[in-house]
Amino acid sequence: MAEQIFPTKGNLIACKKNLSLAKLGFDLLDRKRNVLMREMMKLIDEAADMQKEIGDTFIRSYTALQSANITLGIDRSLENAVPEEKGFSVTSHSIMGVDLPTGHLDSPPIFPYYGFSDTNSQLDYAYMCFDRVKHLCAKLAGIENSVYRLATAIKKTQRRANMLENVVIPKLENNIRFISSTLEEHEREEFTRMKVIKSQKNRKNA
C-alpha cells in the first residue's frame, strides 16, 4: 500500500530523486559486501593453512623435545634461559572502511640462550620450531580478528542492503506509482472539464 503522501509534482520529483539515490546506495552496499566477502574467504583459507602449519610445527617441536628429554633428561633450568617475549605489536589497514589488524612479532634472530655442553641438536631443533610457532600464532591472531571484524561488517552491510531492497525502494516505487496515477487522473479530469467548458462556449456563441 502506498505511503500517505500528497500527490504533487514536487513530491513526485522528490520521490524519483530519492529512488535513484536508494538504488545507487544499494548497488554500493552490494559491491562492498562482495569485496568484504572475498577478503574474508581469502583470510579464512589463509588461517586454515596457518593452523595446519602450526599443528604440524607443534608435532615436530614436541617430537624433538621428547627426543631431547630422553637423551638429556628433563632440565627445568633451561626454561629460565629464554627471555620473555615483548616484541608483539599490531598494525592495521582498511578495506572498504573496515579496519583489519595484523599481528607482528618483532623478536631478535634466534639465539641459543643455553650452553652447548649439556644440550644437543634435538633441543636446538625444538627451540627453532617453537620460535616458528610463536610467530605464526602472532600472525594468526590478527587474521582471526580480521575475519571476525569482516563478518560483523558483512552482516551490517547485508542488513542495510536488505532494508533498501525490501523496504525503502518498494515504498518509493509505490509512492511514485500512486502520485503518477493520481496526477494523470487529475489531468484527465481537467482535460474533460476544459472540453465541457469549450463546448458550452461554442454552443453559446452559436
Side-chain angles (χ1 to χ4, degrees), residues 1-5 11-63 84-110 126 128-181:
M1 183 178 179
E3 180 185 4
Q4 293 298 321
I5 185 171
N11 284 338
L12 180 60
I13 293 173
C15 286
K16 288 182 176 180
K17 181 179 179 182
N18 290 336
L19 178 61
S20 178
L21 291 174
K23 288 182 176 180
L24 176 61
F26 174 78
D27 289 340
L28 292 175
L29 288 173
D30 189 55
R31 293 178 189 176
K32 177 180 179 180
R33 176 183 55 192
N34 291 334
V35 171
L36 295 180
M37 282 290 296
R38 286 196 297 269
E39 183 67 19
M40 186 178 72
M41 296 307 298
K42 184 184 75 174
L43 289 178
I44 288 175
D45 291 340
E46 187 176 346
D49 293 340
M50 194 168 295
Q51 287 172 343
K52 183 179 184 304
E53 184 178 357
I54 288 174
D56 294 341
T57 308
F58 261 128
I59 292 174
R60 293 195 299 270
S61 302
Y62 281 110
T63 300
E84 179 182 355
E85 181 60 63
K86 297 181 180 180
F88 182 76
S89 61
V90 177
T91 59
S92 65
H93 64 285
S94 178
I95 294 182
M96 301 298 288
V98 182
D99 288 330
L100 304 181
T102 302
H104 302 278
L105 195 58
D106 300 324
S107 57
I110 296 178
M128 289 187 294
C129 287
F130 280 119
D131 185 79
R132 173 63 178 165
V133 168
K134 182 174 63 177
H135 285 80
L136 288 173
C137 287
K139 188 175 181 181
L140 180 61
I143 293 175
E144 291 181 339
N145 192 281
S146 294
V147 170
Y148 173 78
R149 293 190 181 188
L150 285 170
T152 302
I154 290 170
K155 184 177 180 181
K156 185 183 297 183
T157 303
Q158 181 68 54
R159 186 165 58 247
R160 292 175 177 174
N162 288 342
M163 176 65 70
L164 287 174
E165 183 180 25
N166 300 322
V167 178
V168 176
I169 292 176
K171 180 185 291 185
L172 289 170
E173 290 175 340
N174 286 336
N175 287 342
I176 290 172
R177 282 193 295 269
F178 168 72
I179 295 173
S180 296
S181 62

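Under the 3.5 Å distance criterion, the side-chain polar atoms of R149 are left unmatched by any main-chain donor or acceptor of V98. A donor-acceptor pair is defined here as one N or O able to donate and one able to accept, closer than 3.5 Å; no such pair exists between the side chain of S20 and the backbone of K16. Listed for the N162 side chain is a donor-acceptor partner under 3.5 Å among the backbone atoms of Q158.
Contact between L136 and M50 at its shortest, heavy atoms only, is O-SD, 3.5 Å. Contact detail for S61 and A126: the closest heavy-atom pair is O-CB, 3.6 Å. Closest heavy-atom contact between I154 and M37: CD1-SD, 3.5 Å. The nearest pair of heavy atoms linking A22 to I169 is CB-CG1, 3.9 Å. The two residues P101 and S146 have their closest heavy-atom pair at O-OG, 3.0 Å. Closest approach of F178 to I5, counting heavy atoms only: CE2-O, 3.4 Å.
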> Can you check side-chain contact (heavy atoms from CB on, under 4.5 Å) on L19 and C15, steps first, answer last?
Replying inline: CA-CA 6 Å; L19 178 61; C15 286; over 6 Å; no
> Between T91 and H93, is a side-chain contact (heavy atoms from CB on, under 4.5 Å) present by the stated rule, with each step listed?
Replying inline: CA-CA 7 Å; T91 59; H93 64 285; over 6 Å; no
>> I'd like to know whether R160 forms a side-chain contact (heavy atoms from CB on, under 4.5 Å) with M163, so could you lay out the CA-CA distance, the side-chain angles of the two residues, the decisive distance to 0.1 Å, and finally the verdict.
In response: CA-CA 5 Å; R160 292 175 177 174; M163 176 65 70; 5.6 Å; no
>> Let's go through M41 and I44 carefully: what are the C-alpha distance in whole Å and the side-chain angles of both, what is the deciding distance for side-chain contact (heavy atoms from CB on, under 4.5 Å) to 0.1 Å, and is it a yes or a no?
In response: CA-CA 5 Å; M41 296 307 298; I44 288 175; 4.3 Å; yes
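The CG atom of N175 lies 10.0 Å from the CG atom of L12; values are rounded to the nearest 0.5 Å. A distance of 11.0 Å separates CG in D99 from CG in N145, rounded to the nearest 0.5 Å. In this structure, CG in L36 is found 11.0 Å from OG1 in T152, a value given to the nearest 0.5 Å. Atom-to-atom distance recorded for I176:CD1 and N18:CG is 8.5 Å, nearest 0.5 angstrom. Atom NE2 in H104 sits 9.5 Å away from atom NZ in K139 (nearest 0.5 Å). Note that OG of S94 is 7.0 Å distant from CG of L100, once rounded to the nearest 0.5 Å.
Counted within 6.0 Å of CZ on F88, heavy atoms from surrounding residues, nucleotides or ligands total more than 12; the atom is thus considered enclosed. Atom CZ of R177 is surrounded by more than 12 heavy atoms from other residues, nucleotides or ligands within 6.0 Å. In the displayed structure, M96 atom CE is contacted under 6.0 Å by more than 12 heavy atoms of other residues, nucleotides or ligands.
The pair D49-K52 does not meet the salt-bridge criterion, since no charged nitrogen lies less than 4.0 angstrom from a carboxylate oxygen.
Side-chain contact annotation: T57 with R60, donor-acceptor N/O pair under 3.5 Å present.
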